[in-house]
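See structure below.
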Amino acid sequence: MASRFKETEEKWQRRWEEAGLHLAERDSRPKFMIIFAYPGVTGYLHVGHMRGYTYVDAIARYKRMEGHNVLFPVGTHATGNGAISLANRVAARDPDTLDYLMRNGCPEERVKDLETPEGVVEFFNGVYVNDYWKRFGFLADWRRFTCSIRPDYNRFIQWQFRKLMELGLLVQKPYYAPACVDCGPVAVDPSETDLSKGGNAEVNEYTLLKFRCGDELLIAATLRPETVFGQTNFWVNPDVDYRRVRVGDETWIVSAPAARKLSYQMDGVEVLGEVAGRELLGRMCSAPMVGREIPVLPAGFCDPEVGTGLVTSVPSDAPDDLVALQRLQKDPSLLESYGLDASAADIEVIPIIDIEGYGPCAAADVVDRMGITDSGDPRLAEAKKQVYKDGHHLGRMNPLCKGYEGLRVEEAKERMRDDMLASGEAELFRDLSEEVACRCGGTVMIRRVDDQWFIDYGDPDLTARTKSHCEGMDIFPAEYHHNVQAVLDWFRERACVRKGNWLGTRFPFDEEWIIEAISDSTLYPVYYIISMHANEGSISPEQMSEEFFDHVILGRGGSDVVSRSTGVPAELLEAIREDISYWYPLDLNLGGKEHMTVHFPAFLFNHQAIMPEGKLPRGIFVNWYITGKKGKISKSKGGAQPIPGAAEKFGVDALRLYYAHVASPFQDVEWDEDIVTSYRHRVERTTRMMEELHAIDGDEEGSVDSWMLSRMSRHIEDARRHMESYDLRQMANVVYFDIPNDIRWYLRRGGRSRRTAGKALDAWLRMACPVTPHMAEEAWESLGGEGLLSSAPYPSPEGSDPSSELGESYLRDVLEDVNEIVRVTGMKARTLHLYTSPEWKDRVQSMAVEMALAGELSVPALTKRAMQDEEVRRHGKSASEFAKKAAQETARRSAAELRRLSAPIDELSLLQDAKGFLESELGMSVELHDAAAPRHDPQNKAKAAMPLRPAMLLE
RNA sequence: GCGAGGGUUGCCGAGCCUGGUCAAAGGCGACAGACUCAAGAUCUGUUCCUGUAGGGGUUCGCCGGUUCGAAUCCGGCCCCUCGCACCA
């Protein structure tokens, strides 16, 4: 069955291509330019990634039908080391990598092409374009495809950086970055694009405290420099061999791993020799800031991989320290086994921080509360976290902390750290919270980079202008429209170049550096307007000089002058300039939620900084993910559903509808094949229903026909409205769910007008085209439509008919009421008597509605007015009672409901028309009566008749 | 911590901004019936509790408030999710 989809899909994709629907050329129509944030080409994508791309194609298709000239270009991003590391693994014939390629359908003969980074990029460019985007029926202008490592693109990025320099937004200063010892800088993040291990690691900033011990300094690393007043002793792991290291003119003692890490962050670090931890025991050292002499004691928990492998002991606030100390105090033999006097542990805990909800020593409280007695207790980590958290937020330094008493811990931490740094008693040291390994297998550590270039996104003027521009943008979801303001504020300088084995654009001011992945992907939408000429060979990368871009993008210089200096024909320069002024700004940039704090702000800032007024982006759309059962479907780890396989299995239209409708785009969705299957069924049902509509060939028309057309008009209006705010889900709900429900009712009611069905079908097909274009085209053709549906106009509403809508809902209400009575009573009735409301009640009711709309409705007012009516007054008490009831009930109605109720319908003739329908639906004969003069009313039901609520009797 | 978002009836998911038509759309699932040799598909009905006349009762994280009236507005509480930097 699967091949059935593919054949149809390919047929229409070919026709669209032949008709050139995807090509975008400047003309007199209003334009619409849309992109999705181009993906990084580091491997196969999975079904989840198609979600956002599909939104873009559907929006582009809608805009095209709606009358816009649409530019939808695509490209890929290859900057970084992803392709390099994949190429290396392929070249090394790594079995996991080969397996990954095979599983995703890489032809065996192509594997050898993947041994170079360029080969990897070109291969995947082909996969993305052909197996993903074209396969899904996207109408993108393929001529404009670009990739961030192509020479022409590089020229554009260099121009961008020249502009940033010109604007004074490039600054240089030292920086500490995670880096692989072999490959250079890497990104540490959970998606582990660059890594093979440790993506969740955080960078901790330790304060290195110096403890003078003879001529040497014992170096303890701490995250809590504010606790120095509580130091009682120093911890050394007796079983670890430490290193004696020269740092400047000081001699430090730290663990071997720490010595290595330090050498990446400080100058002149030189290992002098070893010193056994055991040898340090029992010595005295001088604690920084407080100048107290404290003893060096043994502790097994000192890990040479963490910090410096040496720890200062603050038993008042560190549960680990407290427990270790108590242990030594309880068991004198421990100290004696190291040749120390048991009295060495005669230490009083020094309370230094007052924390709400704790005694003077928070650590003691927590340890007692949790019943921890042993250093090996795994709950110590939790205890530590608790004390740290509460101390940090709630704690205040007590009077023992001279000079800092009364300060909040948060504040004291910074002040004390800075003071010790200034006095030379401390240094800073950055380390990763867990082991991190590069894709190449090398260790990742924090390295100092002295002359790092940054883009200064912290610039106050740029920030202010960008924020102000964003207020007027269309940003979805609305929360992000709000939040982006905070994100822009929070965005600071960003390291924008890196050294090492990387693909990307060379930094124009120092070719040693390569521009990193975020920074070369901010302004690129405008380049899609130029890339076509590079792709066609009419402009070479060398011709893309600073003057060239200055001219076509910024309008600087005359085309003749620029033509002379670049050799690009002046007419072409003019044409590109006009193209840019026509297509730009970008109307919508769509990207996944991971872009909210990285790509989108950089995209906004760069446009604001470089582009002239009027060329600033108009819209951003953020989409959430499709996830796997166990969290995010990971691209780098593979194992997810390959895209072509899913297309084969479910059909492209079903997938497109799934993406569009399965949930709000602003929410993650778990991939579930059963759900996708149900969308496949939905597409099939839609097709069948379209055929059914087409088969209608009657000429008779009734009230249900005006109802059908009215509903359709309303649906068109709603679909358009939803698409204007890019709300595909609501739109799809109308087109694939609400419309079929109405059509079912139309058929059930016996609707059989060729004209009505034809009109409804025509509009319906057009509305289905943006999301399920293949199926819609196929139906359009087989039902005799002219030309390509994809280039046909979107339908327009033709006005609704409130009376017929009210009439049909009235009929439904009657059916429901009868059903309910039958269900509740269990009667098998043969005859249904319906008594429609007497005319005088209708009159009172419409008075009520009228008065309510005018805001003058009250029980006495209505009663008074009703009783002025001869006809009504004749009904005496029941008239005034009804007026009271009508006033009360009408007063509760909303304005929309009142308007709905004010449409006039003639209940009796409506029921008369629908009598046959009711009889066949209910399986009983129906007798109609005017409640004012019932022919048969043995149970005196007629008096209960109300407007829009006929009384009924079942017999 | 900083910033943001959320908790709705079996499940998914609307509604909340702009309080009354909300027992609360739609889908999925389930049950019953029709059609059918049968299955599937399709159609109809039901799917919080209750009721032999179209009704009544209790619901929208918890507690309280505003209001004639609250899923919707306000305050407090509990719980959950996401981003936090060189990952397009």
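Only this structure's heavy atoms are used, side chains among them; waters, hydrogens and symmetry mates stay out. Proteins come first, then strands; the chains are lettered A, B, ... in the order of their sequence lines, and each starts at number 1.
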Nearest-angstrom distance, [atom1] atom, [N] to [M]:
N	M	atom1	result
B:rA30	B:rG19	C1'	35 Å
B:rU72	B:rU18	P	14 Å
B:rG57	B:rG3	P	46 Å
B:rC84	B:rG26	C1'	37 Å
B:rC63	B:rC78	P	15 Å
B:rC16	B:rA71	P	14 Å
B:rA70	B:rU59	P	11 Å
B:rG40	B:rU36	C1'	10 Å

Problem - A:Arg830 with A:Glu955: basic N within carboxylate O range, under 4.0 Å - result: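 No, A:Arg830 and A:Glu955 are not salt-bridged.
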Problem - Selected nucleotide, minimal atom distance to A:Val824 side chain, candidates B:rG51, B:rU42, B:rA88 - result: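 Nearest to the side-chain atoms of A:Val824, counting from C-beta on, is B:rG51.
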Practice task
With sequence neighbours left out, write down each residue that passes ring pair (Phe, Tyr, Trp, His ring centres under 6.0 Å) with A:His722, or none if nothing qualifies.
Solution key: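 Not a single residue meets the ring pair (Phe, Tyr, Trp, His ring centres under 6.0 Å) criterion with A:His722.
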Problem - Residue whose nearest RNA chain B nucleotide is more 5′ - A:Val487 or A:Lys593 - result: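 Nearest-nucleotide comparison on RNA chain B picks A:Val487.
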Problem - Earlier contact from the 5' end, RNA chain B, for A:Leu954 and A:Trp490 - result: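 The 5'-side residue here is A:Leu954.
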Exercise for the section: Decide if the gap between the ring center of A:His49 and the ring center of A:Tyr53 is smaller than 6.0 angstrom. Expected result: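 Not under 6.0 Å, so no.
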Base paired to [N] (Watson-Crick or G-U; both N/O distances under 3.5 angstrom):
N	result
B:rC84	B:rG1
B:rG19	none
B:rU46	B:rA30
B:rU9	none
B:rG40	none
B:rA53	none

Practice task
Quick one, give me the B/S/- string for nucleotides 29-35 of chain B, reading 5' to 3', where B means a protein heavy atom under 4.0 Å from the base and S means that only happens at the primed atoms, P, OP1 or OP2.
Solution key: -------
Practice task
Identify whether any heavy atom of A:Ile675 sits under 4.0 Å from a base atom; if not, whether one sits that close to sugar-phosphate; answer base, sugar-phosphate or nothing.
Solution key: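 No contact.
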Exercise for the section: Would you please say whether a donor-acceptor pair under 3.5 Å links the side chains of A:His661 and A:Asn733? Expected result: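 The criterion, which ignores hydrogens and geometry beyond distance, is satisfied for A:Asn733 and A:His661.
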Handout entry: Donor-acceptor side-chain pairing of A:Ser521 and A:Tyr38 below 3.5 angstrom
Key =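 Yes, a side-chain donor-acceptor pair sits under 3.5 Å.
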Practice task
Give the ring-plane orientation class for A:Tyr153 versus A:Tyr524, where under 30° counts as parallel, over 60° as perpendicular and anything between as tilted.
Solution key: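 Ring orientation, 0 to 90° scale: tilted.
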Handout entry: A:Tyr659 OH to B:rG13 C1', straight-line distance once rounded to whole Å
Key =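 Checked: the OH to C1' distance equals 20 Å.
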Exercise for the section: Report the distance from atom OH of A:Tyr679 to atom C1' of B:rC28, rounded to the nearest whole Å. Expected result: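 To the nearest whole Å, that distance equals 9 Å.
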Handout entry: A:Arg51 charged N/C atom sitting above A:Trp624 aromatic ring, 6.0 Å / 45°
Key =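 Not flagged: A:Arg51 not positioned over aromatic ring of A:Trp624.
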